[in-house]
Structure formats: C-alpha cells, structure tokens
Amino acid sequence: MLKNLPKTYNPKDFEDRLYDYWLTNDYFKARVNKDKEPFTILMPPPNVTGNLHMGHALNNTIQDILTRWKRMEGYETLWQPGTDHASISTEARVVAKLRKEGKSKEELGREGFLEEAWEWTRLYGGNIKNQLKKLGVSCDWSRDRFTLDEDMSKAVEEVFIRLYKKGLIYRGDRIINWCPNCVTAISDAEVEHQDSHGHLWYIDYPVKDSDRKITIATTRPETMLGDLAIAVNPEDERYKDLIGKMAILPLVNREIPIIADEYVDMEFGTGAVKITPSHDPNDFEVGERFNLGHLVVMDDKGKINSNGGKYAGLDRFEARKRIVEDLKEQGYLNKIEEHDNAVGHCERCDTVIEPIISKQWFVKMEPLAKPALDAYYEGKIRFIPERFGKIYVHWLENIKDWCISRQLWWGHRLPVYYCDDCDEIIVSRTQPEKCNKCGSTSLTQETDTLDTWFSSALWPFSTLGWPEETDDLKYFYPTDVLVTGYDIIFFWVIRMVFSSIEQMGEVPFKDVFLTGLVRDSQGRKMSKSLGNGIDPLEIIDVYGADALRFTLVTGNTPGNDMRFHMEKVEANRNFANKLWNATRFVLMNLDEEVVKEEFDLAELEEEDKWILSRLNDVIKNVTENLEKYELGLAAQKIYDFIWDDYCDWYIEMVKSRLYGEDAKSKAIAQRVLLYVLKDINKLLHPFMPFITEEIWQYLPNTDMALIISQWPKYDERLEFKEAERAIEFVKSSIKAIRNARAEMDIAPSRRSNIIFVAENEGVKDLIISNKRYFIDLASAEEVIIRESKEGLDNSFISVVLDKAEAFLPLKDLIDYEKEIGRLEKEKEKLEDELRRVEGKLSNEGFVSKAPEKIVNAEREKKVKYEEMLAKVLERLESLKKDMVE
RNA sequence: GGGCGAUUAGCUCAGCUGGUUAGAGUGCCACGUUGACAUCGUGGAGGUCAUUGGUUCGAUUCCAAUAUCGCCCACCA
C-alpha cells in the first residue's frame, strides 16, 4: 500500500525540513562541469544588516524560478549569493547605536569603530540569509560572499589601482553633493530631487561708485556670503554698462566684480545672478572661467563657517532666516516671490544636499561609458522589458564623473598614501616604505573609503575569484541574467556593465530582468514611516512560502509595479491545497503493482489521450513562456491546467473507471493519473518548490529528488488532436446540460434520462462512446440515442448542441415560461453571434483579403450558429403554441 | 523642461507578434453534506477594453492626439 499524504496541507510541516534536505544533499552547489552548459545568476547582494522585505521576496522568487527551471533543464546552475556592507547605512546605524550608549565615533577612533561595526555585522548579518532560506532560494550558499571579504577587497584594490594607472581615477576639487547629516560626499545617483515650494529672494547689490543697484534673484540667500561675482548675459542691454564694474556685497561689504557670461539666462529673474563658485555647480564653472577663486562658507555639518563673519556657527537654514531678516532691515531686500524648484535630498537620510566644493576622488566616466553604450547598441545587453534600455542610454549619454570617496570608515579604504613631506600621491596595495619622489618615510594612508557601489560593481567577476584566472571565472562568466529592481539601474546595473567591460572585456550579463515595486493594497509604496510594510516572513508563516511566491509572480509583468493583496495569497494557498488534495485522491486510488508499469499508447482511452495531449501543450507553452521571461503567463497556465483540466475534468472523468470493474481500463487510468501528476509537479516546482518536492516524495517510482529531476519535454507521440476535439465536445455538451438544468432549478442530485438526437454518425458515435461522462458529470440517469426528434414534445427540456440536441424528460418539473425565457436568451445570443459573423462575411474586403483559414472558420461558424438557431426557434415556436393551448 | 508607464468586469490584474462568444483571481447571487478538497463543487449576473481620430477587409491589440493618474531624469539662479 502506498503511503498517503497527511489529510491537511500544512506547509509548516515540511518547508524547513525540505530546505535542509536540499542543502545537505548539495543540490544547490555549482561545480565547473565541462559536460554541461553553465547557467549563472548573481543575486543582488542585500544589505548585510538588512531584513527581508517584499522587494527581496519578489526578485529572489524570480531568480529562484529561473534557477530551478534551468537546473531541471540540465544546466550547471550557479546562483551566486552574497551580502553588501552598505557603508553609509550600516555606519549610520552603528553611530546611532553608539550615541545611545553615550559614545561617539570620534572617541572610539577608526579601529575601535570598525570593531563595533564588525560586531554589529556579526550580530545581524545572518538574519537576511535565514530569511531568504525561508523563501526557498536555491542559491549556492557554499559560495556566499560579503563585499568586505578579503578576496572581494583585493579585487576592489586591484580595480582601483588599474583605473588609477590608466588615468581613469583622479583626485580633485570639484563641486560635489554633500550630505551634512551623513557627513560625507555622495554621488549624483544618490541625490533625490524633490519638488518643493520655496521662495525666490530678490536682493539689491549696490554698484560701487554709483547710485545704481543691481538686483539678483536667489533661492539660497545664505550662500551670498560666498559670492565672488555677479554675472549678467553679455547681450543684455540692461546691464551692458555695468560689466566690469564692482558691486558691493550687502551685509559683508565685500567688493565683487560684475562679469558677463553666456550661462546667464536673461529671461529668468532679473537677468543678473550672484556667483558663488564654492556652493553651486554652475557658479563653479563660471568661477573657473573667470578665475574667481573659491570661498567656502559652510562646514561639513552644514553650518556657516568662520568665513561667514557674524553668521558663523549658524545652521544653514537658520542663517538663511537671519540673512533675509538683515537684508530686509537694511533695505537690501527688493522682493520675495513664491518659487517652486527641485531640491536635492540625500537618498538615504532625506537631508537637503549641499553642493559644495571639496577635494574628492573621482572616476572619469566618459571613456568607460562609451563601451557600455556600444554593448547595448550591439545587442549584447537586453532589457526586459525593453523600454528600460532608453533609461540606460540616457544616463550613460549624460554621465558625469563619479565621486567615489566617502568620508566614512565602514568600507574599503582607498589604497592611497600621501607623502607628509612633499604631498606626493602614491597608489599602492600596501603601505610603501618611502615616498618615491622625495624619499620621505613619513606617509599617511587616505582616511576615506570607497562608495559601496564601487565594490558591488565588481560583483560579477570578483565573486568568481578575479583577478585570479580561476576555472570558475572561465566557466561561469559572463552570467546569464540579472534580476533586479528598476530603481537600481543607475546605482548598480550600469556600474557593473562598465566595470565588467573594462576589467573582463566582456559584458557581465546578457539579460537584465527588471522588477517593479511591490506596493500595499492601496497602491502606496511600502515604507517604514508609513508602517504599511508587509513582512514576507509573516506571510510565509501563515500561508507558506509557496503561496507567497506564486502570488508574487502571477498577474504581474516585468517592470510593472504590483499591489499586494492578502486575498491573492489566500487564493494561491487554496491552489496549493487543491493540488495537495488531488494528490491524496490519486494516491489512494493507485495500486502499487499496477503503476510500476507505464501506460501503453495503444490502450489509451479518449480522456487519457485528451489530458496527455493537453499536458503536452502546456509543457510546450510553459517552456516557451519561461524562455521569454513571461513568468506570470507560465504560472497561470500551470494553474489552469492543474485546476481545470486535471482536477475538474480528468479526475472526475476517470472516477468511474477507478471504481469500476474493468481492470485494464482502471490500470490505464491509474498510470495516466500518475504520469500527469508527476509532470504537473515538475512544471510547478520552480514556482512552488516545497509542496511539489513534498508530494514527489510520496509518489511511486520516483528515485530522486524532484529538484534535480528532468524538466518535461514536448512529446509528439502524445499529441492527440482528435481526442482533444472529442472531449471538448463532451465538455461543452455537459456544460450546456448543466447550465440548462441549473436555470430550470433542477437540483444536481435529481437525475434524469438524457436523450440525444445526433445529426450525423460521427456525433452519434461520439456520444455513445462518451456516454458515461453524461452519467457521471451531467446527472444523467441513462443516456439514450434516438434517430429523430419524434415524440420529444415540450415536456422535455431542449438543449441545443453543435450538431446534436439533448432532451431531458422532466415532465413534472417543467415550467413553460421559464423554458421559453431560457431559450429566448439562447436565441438572442445566437442571433448576436450570427449578426457579427454575417457582417464579416458580407464584407467584400474581408472575404477577398483575409487569410483563407480565417474566412473559412467564419463560414463554419455561420453554418453552426444557423443550425443551432433553427433548432432553438423551432422549439420556441412549439412551446409558444403549446402555451396558447 | 524632457522621457516613460498605466487606463480592460465592483476590486486587483492577465491578454506575447492585429481575426477569441475579451479571460483569471477575488467579491456578489443561486444551488449543492455524491467516498481528494467547503482552503470545495455546479451554474449565473457583471465589460460600447479611458476618449477622439488614423492605418487596415478587420483594432483591446499598431500609429497620432487628448484626458486622468503615476514614475524617472534635469544646474534655469
């Protein structure tokens, strides 16, 4: 006797156990194997101290589906996991923790602080990995990497040094984005522009040796402390005579020149603009052109520094208020206008960014961007969906140099040493003994660390052992597909592309599958501050990982945001339950001895052929969908096949055989049931790995784990188009009969004879050979075939079918009015259809230009509808006549 | 200021290269305790596929414009 499944589907009973089972059997492990094609996916490394959120759940589910599917297809699959040190974020959290303890970063010093940070990482670092495991991810944990691992760091240094030697990394004074809260420079990508309602302050600057004034407009009046000029457009008639004169900076009484530069827009404001080279990127450029020099008036915390005179020490926003007050008081404030503009905010802490001149390290982007663009144009990189290619191109075409130095400690320290005596810069992996210029032995290492994305940009090859030429690297690189959120294209995707092309000479991945955002049920972004986040782990706890996974991939297309509804998770849990119970049913009806043999093609009955043929189709379509990354469609097809075809029809059709006396027929049914069930579990496995593996363990004749079983293949011997047509006829007839009965309020339990009158021998045979289904599924007492309609009067319900008519003798129940109503409805439906078809066919253009196949199909429909309509009309007339009498 | 996406049943969404009686889940209504499943079964109601043009024999599907919502990019002080 076969062991059967527990009575209720309870994912908690087996999900963790199966994950351990897969792990201990090394099924996730990838090895260089020359006999197989490799398939590689890089997991976007989550923040090491982070927690699993729906975004992770979504993209890791997708990656796992692809990985499991490819593994079953026979590829040597590597899904490379790892975590990211997330410098700014982690450092901020450690700093916050220290603050709570009354300590500060500075007190502890660099080493002490790093110890704390490592401790923190050890404490929380495992969380996200364990959470991912709950989801069922089949990545190779034996290859787990952390961006601060020694070999990862080695790769980082190597790339830094190479780029420096090539002149692609430089140090310089540039306007960068400064976050006064994080106290570090950040890159352009890390700045978020937010529209805000602000003001435009018009300030009068007196012109020296004149009674004239020149009025400028500014959104940041506090920066006037650092003004080094006023600029006007050279073509501007209003100011031509002032060019070359000096203006007097109000409040500080410093003299600044009035200069002319094309950059000034005559239409905006007053056409005159204050130039603050140290606090504005445009002004910086003007300053360079005119050699204005620099004057920084703010410190790293966003406070006015000693160059700000009496305002020194004030926070920038406080200073703004005071300066405006003072200007007003002293009569310099001309007017204030409402003004909307986009203000840069720190992507991580939401603080208003301060553009400020600062000495930082940069990657020269132009030479790196070019090959990355070419790769795209040459089709070496493909985006799914395609539209994101435009975003990629646009960013690369407008790229600016990448500021990579951060004033943080948690991260990769720049491999840079400065000579204390001659300021020589030495880039070296280890501390040089002496300065190679002046010979001084007094050298200091750069204190800055690198942007976190500098290290994750190398992930595609650093994880495979680069710069060593490892076998892994040769075999698994380049990777096949990257699955990530569209919000990370600039941060990560692009940087991996140019870094990989530069170092490896080849793109890091062929396809980029972009996911959308998972929103809450009201369409809002899930966020901590709103408190509307849904914890994937709680969902898994209640409904199981399979239900969650299925929810995340169905009814969703790449790159589109989705809303998360609990009802959907529930529906998918129900689906799992359905499969569970279908399996229970099958198992309790299998004879172990019987199913040891496979079914014989010659002995198949009609519905066997039908389900096998349908399965064959599903295999083909699902595989095609997966190849095109149409995961949602693939999932839907499997779902429909299992629920509709297998459970609702095939199992129901086969029941009488299982309970019947015909041993041979019964045996075949058992074998087909099992055969199809096995393939169902295979097809569903990538999507719902746990329940399918669990079921697999109970199925007879399975000698290995489902996870490493072979993906089903389309088999042309199992294509039975004729049987499909036959069963489709049976199904639609049963539905029509059920429908008629329901509309006539006849309880399903009340059986009645069904009398068929067929129009030709073929249909007649079809009905005879499928008799039993009408008994089992359409509440037939007995199925009777008659040659003509004679005697089938109005005491019978008439169900008009294609090329046949069914009659249900329900004399005592029949309600003429109801029956007329039902047939009227049928009539209208047919008439509508007929009108549509006739409209088409009477269209000259359609008949002459449309493909013959389409035209013929319409012609067939026309005949069919006409025939059916005639029958309906005949019946209606007869009924109405009867009514009158 | 540029670019992009969405608009299909009450709700959430599929619908891939133009031809289907436009689908699913959920919700709603009616019926159902048949030996896998009430986390179920059977049936039903519910859509002029945002609007307007265009291409075409034929448009939910392709093109253009409009409207509404949303997103991304951008140094107009």
Side-chain angles (χ1 to χ4, degrees), chain A residues 4-5 7-9 175 193 200 216-220 223 231 263-265 267-270 272-276 280-285 339 341-342 344 355 385 387-388 390-391 394-395 398 486-487 489-490 516-517 521 523 543 554-557 559-565 567-568 570-589 624-625 628 630 632-633 636 639-640 647-648 651-652 655 659 735 738-743 745-749 776-777 779 829-830 832-833 836 840 843-851 853-855 857-858 861 865:
Chain A
N4 208 338
L5 290 169
K7 196 142 192 183
T8 50
Y9 163 63
I175 289 277
H193 290 276
L200 199 52
I216 59 90
T218 180
T219 53
R220 295 188 297 153
T223 61
Y263 145 72
V264 182
D265 178 359
E267 308 298 317
F268 190 89
T270 61
V273 54
K274 63 199 260 318
I275 299 295
T276 321
D280 182 277
N282 292 309
D283 293 7
F284 174 81
E285 280 170 31
H339 181 72
N341 68 336
R387 69 181 123 93
F388 286 100
K390 274 191 189 170
I391 292 177
H394 183 258
W395 168 269
N398 295 285
Y486 60 68
D487 51 336
I489 295 177
F490 308 132
L517 258 43
S521 59
Y543 297 100
T554 44
N556 171 244
T557 39
N560 279 6
D561 291 355
M562 66 177 298
R563 295 188 190 199
F564 193 90
H565 286 269
E567 294 84 350
K568 207 174 149 188
E570 209 168 311
N572 289 320
R573 188 272 321 265
N574 294 351
F575 168 59
N577 181 64
K578 184 78 184 176
L579 175 63
W580 185 266
N581 281 293
T583 305
R584 281 184 56 228
F585 171 80
V586 171
L587 284 172
M588 68 177 66
N589 286 287
E624 278 171 10
N625 286 140
K628 290 190 275 182
E630 293 166 349
L633 284 179
Q636 191 61 52
Y639 179 102
D640 290 342
C647 294
D648 289 348
I651 286 183
E652 294 305 326
K655 273 181 178 170
Y659 302 143
K735 278 189 199 169
R738 281 173 176 171
N739 176 333
R741 290 176 53 107
E743 285 198 34
D745 287 337
I746 303 159
S749 55
D776 293 344
L777 307 176
S779 304
K829 223 195 245 171
L830 286 165
D832 280 348
E833 284 312 307
R836 199 184 52 80
K840 270 190 173 178
N843 181 341
E844 191 65 32
F846 176 74
V847 180
S848 60
K849 289 191 180 171
K853 216 173 126 187
I854 304 284
V855 179
E858 291 300 321
K861 274 186 222 166
Y865 294 145

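Distances shown here put every side-chain N or O of A:N560 at or beyond 4.0 Å from the OP1 or OP2 atom of B:G70. Remark: A:R738 is in phosphate contact with B:G43, judged by side-chain N or O atoms under 4.0 Å from OP1 or OP2. A close approach under 4.0 Å does not occur between any side-chain nitrogen or oxygen of A:T554 and OP1 or OP2 of B:A14. Neither OP1 nor OP2 of B:G43 sits under 4.0 Å from any side-chain N or O of A:R741. At B:C4, one or more side-chain N or O atoms of A:K390 fall inside 4.0 Å of OP1 or OP2 (strictly under the cut-off). Taking side-chain N and O atoms only, A:Y659 has a distance below 4.0 Å to OP1 or OP2 of B:A36. Dashed line: the shortest gap from a side-chain N or O of A:N341 to OP1 or OP2 of B:A77 is under 4.0 Å. Side-chain nitrogen and oxygen atoms of A:K655 include at least one within less than 4.0 Å of the OP1 or OP2 phosphate oxygen of B:A36. Listed pair A:N556 / B:C13 fails the phosphate criterion, with no side-chain N or O lying under 4.0 Å from OP1 or OP2.
Comparing B:G10 with B:C76, their C1' atoms sit 48 Å apart, to the nearest whole Å. B:U56 and B:G44: their P atoms are spaced 41 Å apart (whole Å). Atom name C1', nucleotides B:U42 and B:U51: the rounded distance is 40 Å, in whole Å.
Note on A:V586: nothing from the nucleic acid sits closer than 4.0 angstrom, heavy atoms only. Nucleic acid contact for A:Y865: base, since at least one base atom lies under 4.0 Å from a heavy atom of the residue. Residue contacts for A:P851: at a heavy-atom cut-off of 4.0 Å it reaches a base atom on one of the strands shown.
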